[in-house]
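In what follows, chains are A, B, ... by sequence order, proteins preceding strands, each numbered from 1.
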Number of protein chains: 2
Amino acid sequence: MGATKTALFTKEQNEIALMAKALAHPARIAILQHLVKKNACVCGDLVEELGLAQATTSQHLKELKTAGIIQGTIEGVSVCYCIHPDTWKKYKDLFSSFFTEVDLCGPKCC
Amino acid sequence: MGATKTALFTKEQNEIALMAKALAHPARIAILQHLVKKNACVCGDLVEELGLAQATTSQHLKELKTAGIIQGTIEGVSVCYCIHPDTWKKYKDLFSSFFTEVDLCGPKCC
DNA sequence: ATATTATATCGTAAAATTACGATGAATAGG
DNA sequence: CCTATTCATCGTAATTTTACGATATAATAT
């Protein structure tokens, strides 16, 4: 018990859920918004910006990186992070199509 | 430790994260897709559809209900669930505006 | 070479999530 | 009234997430 039963669901359902999971923490939303605003920034900036410990911030960055939404490039001692444009577009499209499915739903509900 | 530090983030950041959390499980995506497709259905249908235990299905329904995305109406012995149109639209708009923020991001990244 | 800086990773504790059986509550049908 | 049906809730175990201090790594600076 305790583990998500991935095998029961379609590839698309699992994919949407994984994308949502990547966005399911305010720190990660804040990171993405900051990256959008500044176009790019180093990890240290985000530690200050978020107010979380360096280890915690790094952990959130790793999750976003694993999900493919951001990318990091080593710049000397620092690591410069920015949005990964292709994956971002993929996320946008998948969520968009998921939500527009429901425009077909009429006003008559139970 | 272990609890999300909500106080560090803006209302909007927390709100987006909560929405994403509601969608961050394939079973809940499957429930929403089924509701969209059938317009409405009772809990028992979803238990069959998902292949999860009745208690687990009911738990996922509760989370979607708490998030406001669905609503349930008692119909005799059963409970009929359907999408809550207003909240759905709110979700759609919030995600949409969150993602379009980044269209401003140029191609030059680090 | 050594010290400094920036980041990642490890270890770990607390908390939340996921899942299910068992039980409870409410309604319908006999 | 009694039984069956449908769903919610309780209790609980396994797992995952969140958070942080401590430590490791890697590059720059002195």
Distance in angstrom units between B/Leu8 CG and D/dT18 P, rounded: 14 Å
In whole Å, I'd like the distance from the CE atom of A/Met1 to the P atom of D/dT16. 14 Å
Nearest-angstrom distance from the residue atom CG of B/Asn14 to P of D/dT18: 13 Å
Under 4.0 Å, counting only non-hydrogen atoms across every strand here, what does A/Thr4 touch: a base, just sugar-phosphate, or nothing? sugar-phosphate
Is A/Ser97 reaching over with its side chain to a backbone N or O of A/Asp93, donor-acceptor style, under 3.5 angstrom? yes
Go through the structure and list residues passing side chain to side chain donor-acceptor pair (under 3.5 Å) with B/His60, not counting sequence neighbours. B/Arg28
Side-chain N or O of B/His25 less than 4.0 angstrom from OP1 or OP2 on C/dA19? yes
From CG of A/Asp45 across to P of C/dA6 the rounded distance in Å is 10 Å
When you measure only distances, ignoring hydrogens and angles, does the side chain of A/Gln59 come within 3.5 Å of the base of D/dA19 through a donor and an acceptor? yes
Euclidean distance, atom CZ of residue A/Arg28 to atom C1' of D/dT18 [Å, nearest integer]: 9 Å
5'-most contact on DNA chain C (nearest-nucleotide basis), A/Val42 vs B/Glu63, goes to A/Val42
Taking any heavy-atom pair under 4.0 Å as a contact, classify B/Ala3: base, sugar-phosphate, or nothing. sugar-phosphate
Does D/dC20 have OP1 or OP2 sitting under 4.0 Å from an N or O in the side chain of A/Thr56? yes
Between CD1 of B/Ile31 and P of C/dT18 the distance, given in whole Å, is 11 Å
What integer distance in Å separates A/Leu52:CG from C/dA14:P? 19 Å
Can you list the residues that meet the side-chain contact (heavy atoms from CB on, under 4.5 Å) rule with A/Cys43, with sequence neighbours excluded? A/Val47, A/Leu61, A/Tyr81
Quick one: list whatever passes side-chain contact (heavy atoms from CB on, under 4.5 Å) with B/Leu8, sequence neighbours left out. A/Leu52, B/Lys5
Side-chain N or O of A/Lys21 less than 4.0 angstrom from OP1 or OP2 on D/dT16? no
Within less than 4.0 Å of OP1 or OP2 of C/dA6, is there a side-chain N or O belonging to A/Tyr81? no
Run the salt-bridge test on A/Asp86 and A/Lys90 with the 4.0 Å N-O cut-off and return the result as yes or no. no
Sequence-distant partners of B/Lys62, side-chain contact (heavy atoms from CB on, under 4.5 Å), two or more places apart: B/Thr66
Kindly point out which of D/dA8, C/dA8, D/dC20 is positioned nearest to the side chain of B/Val79? D/dA8
So if I take every side-chain heavy atom of B/Cys43 and compare against C/dA22, C/dA8, D/dC7, which nucleotide ends up nearest? D/dC7
Touch check for B/Ala53, heavy atoms < 4.0 angstrom, all strands: base, sugar-phosphate only, or nothing? sugar-phosphate
Starting at the 5' end of nucleotides 23-30 of chain C, put B wherever the base has a protein heavy atom under 4.0 Å, S where only the sugar-phosphate does, and a dash everywhere else. ----BS--
What is the separation between atom NZ on A/Lys62 and atom C1' on D/dT25, rounded to the nearest whole Å? 14 Å
Sugar-phosphate, base or nothing in reach of B/Ser78, heavy atoms under 4.0 Å: sugar-phosphate
Which part of the nucleic acid, if any, lies within contact of B/Lys65, taking any heavy atom under 4.0 Å across all strands shown: a base, the sugar-phosphate backbone alone, or nothing? nothing
Any side-chain N or O of B/His60 below 4.0 angstrom from OP1/OP2 of C/dT17? no
With sequence neighbours excluded, what pairs up with B/Thr4 under the side-chain contact (heavy atoms from CB on, under 4.5 Å) test? A/His25, A/Pro26, B/Thr6
Go through it in stages, so that I can follow the logic: the residues are B/Leu35 and B/Cys41, the test is side chain to side chain contact (heavy atoms under 4.5 Å, CB included), and I'd like the CA-CA distance, side-chain angles, deciding distance and then a yes or no. CA-CA 7 Å; B/Leu35 285 181; B/Cys41 70; 3.6 Å; yes
